[in-house]
Amino acid sequence: MNNNQEIPSETELLERAQSFFEEKFMKNQNAAFKKLSLDKIKYNPFLIRELASRISDTIDANSVAKALVYPRVLGTSANTAFGSNTQNMIVEIMGQDVVSNVSGMDIEYHSPVTGDYRWAQLKAGPNTINKNDIAPMENDFQKAQNLAKQNRNTRFTFNSPVCAILYGEHDQVSSVYKTMESNGKINILVGEEFWYDLTGYKDFYQQLIKSIKQASQSISLKPTIDEAVTRIEKEILSQKQNFGL
């Protein structure tokens, strides 16, 4: 971000965030469930009936269909979609100026809070990396620092490397993040810390959660999910023997 770049008002940033969540996340999720079919779902044949029994007292095509669809509704599918859109979301909220041209970096920005220029890698949540990710991340930041020195870019300082975790609290980060932080090569900003550092608005993180909640209420996925269950139930009925029905 240009040092002289004026950050929009908090209201405008929140409106952008809500629009992104409605247009790019909710609608994409809705479209994905509309296209969901049995052949696109990988399931464990040893467990599917047991999982169906957790949903209903009767193991039938409907309960099996729900056991196949509901994990995508409540589990990894939504989290994966959110994680893969983190960079796009930040750019949508803050504008193209935060896009980084430095290899390995997701965004870069001038912190209105500390005055530091940040090079950042984005992570969706506090448990999203494993120990094998530490060395490559540190290497990415070292390369960015070397490039800055080569180009005589004085903006890169000890405070510049940031691993930005979009939600959570600092005391909730995994032991892997704690190890990386203790190495002293990368600064970790979590949840409110990061959004405040990025926008300069102290309450932005909490207001962002409220805006996304409003977005989720404006577009209901329930009808589409119900349709997906009915559609897959019919597919299951056409191959009942595969499910022991």
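Remember, predicted model here, so these are calculated numbers, not experimental data.
There is a path of hydrophobic side-chain contacts, each under 4.5 Å, that joins F33 to Y43. Under a hydrophobic-cluster definition in which Ile, Leu, Val, Met, Phe, Trp and Tyr are linked whenever side-chain heavy atoms come within less than 4.5 Å, directly or via other members, Y167 and M89 are assigned to the same cluster. A single hydrophobic cluster is seen to contain both I55 and L245, as judged by linkage of ILVMFWY side chains at heavy-atom distances under 4.5 Å, directly or through other members. One hydrophobic cluster, built from ILVMFWY side chains closer than 4.5 Å, cannot hold both L166 and V113; they sit in different ones.
Remark: M137 CE to K185 NZ distance equals 12.5 Å, nearest 0.5 Å. In this structure, NZ on K234 lies 11.5 Å from OG on S238, to the nearest 0.5 angstrom. In this structure, CG in L51 is found 10.0 Å from CD1 in I59, a value given to the nearest 0.5 Å. Q18 contributes atom CD, which lies 10.5 Å from atom CD of E23 (distance to the nearest 0.5 angstrom). With values rounded to the nearest 0.5 angstrom, Y117 atom OH is found 3.5 Å from E108 atom CD. With rounding to the nearest 0.5 angstrom, the CD1 atom of I134 is 8.5 Å from the CD1 atom of I186.
Annotation: side chain of E10 is in contact with side chain of D203 (closest heavy-atom distance under 4.5 Å). Side-chain contact between I188 and K178 is absent, with no heavy atoms from C-beta onward closer than 4.5 Å. The side-chain heavy atoms of N88 and K24, taken from C-beta on, include no pair separated by under 4.5 Å. The shortest distance between side-chain heavy atoms of M180 and C163 falls below 4.5 Å. Considering only heavy atoms from C-beta on, W195 stays 4.5 Å or farther from L189 through its side chain. Here the side chains of E193 and E169 are not in contact, with every heavy-atom distance at 4.5 Å or above. Residues I7 and P112 have side chains in contact (heavy-atom distance under 4.5 Å, counting atoms from C-beta outward). By the 4.5 Å heavy-atom criterion applied to side chains, I107 and M94 are not counted as neighbours.
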Would you please test E233 and I236 for side-chain contact (heavy atoms from CB on, under 4.5 Å) and show each step? CA-CA 5 Å; E233 179 181 356; I236 291 170; 5.5 Å; no

Do M26 and F21 pass the side-chain contact (heavy atoms from CB on, under 4.5 Å) test, and can you show the C-alpha distance, the side-chain angles, and the key distance before you say yes or no? CA-CA 6 Å; M26 296 293 291; F21 201 77; 3.6 Å; yes

Using side-chain contact (heavy atoms from CB on, under 4.5 Å), reason through T86 and D106 one step at a time and then give a plain yes or no. CA-CA 9 Å; T86 53; D106 293 317; over 6 Å; no

Show your working on side-chain contact (heavy atoms from CB on, under 4.5 Å) between I41 and R72 and close with a plain yes or no. CA-CA 9 Å; I41 301 176; R72 304 177 77 89; 4.2 Å; yes

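More than 12 heavy atoms of other residues, nucleotides or ligands sit less than 6.0 Å from atom NZ of K40.
Between the side chain of Y205 and the backbone N or O of G168, at least one donor-acceptor pair lies under 3.5 Å. Here the side chain of Q121 pairs a donor or acceptor atom with the backbone of G104 at under 3.5 angstrom. Without hydrogens or angle criteria, S56 side chain to A52 main chain gives no donor-acceptor distance under 3.5 Å. Without hydrogens or angle criteria, S63 side chain to T58 main chain gives a donor-acceptor distance under 3.5 Å.
Salt bridge absent: E235 and R231 never bring a charged side-chain N and a carboxylate O closer than 4.0 Å.
Contact detail for Y196 and Y201: the closest heavy-atom pair is CD1-C, 3.6 Å. Contact detail for A67 and I48: the closest heavy-atom pair is CB-CD1, 3.9 Å. Here the closest heavy-atom approach between residue G95 and residue R16 is recorded as N-NH1, 4.2 Å. In this structure, E181 and H170 approach most closely via the heavy-atom pair OE2-NE2, 3.0 Å. Closest heavy-atom contact between S182 and T179: OG-O, 2.7 Å.
In summary, the side chains of T128 and Y177 do present a donor paired with an acceptor at a separation below 3.5 Å, with no hydrogens or angles considered. Side chain to side chain, N146 and Q150 fail the donor-acceptor criterion of an N or O pair below 3.5 Å. Checked by atom type, the side-chain pair D116/S111 shows no donor-acceptor distance below 3.5 Å. D39 and S37 share a donor-acceptor pair across their side chains, judged by distance under 3.5 Å alone.
Listed by chain and residue number, I93, L208 satisfy the side chain to side chain contact (heavy atoms under 4.5 Å, CB included) test with A17 (two or more places apart in sequence, or in another chain).
For F156 and W119, the distance between ring centers is under 6.0 angstrom.
Between Y109 and F194, the ring planes are perpendicular. Angles over 60° get that label, and only those under 30° would be called parallel.
Among the candidates D197, N187, N159, the single residue satisfying the side-chain hydrogen bond (donor to acceptor under 3.5 Å, both in side chains) test with R118 is D197. None of V69, N30, L36 except one satisfies the side chain to side chain contact (heavy atoms under 4.5 Å, CB included) rule with I225; the exception is V69.
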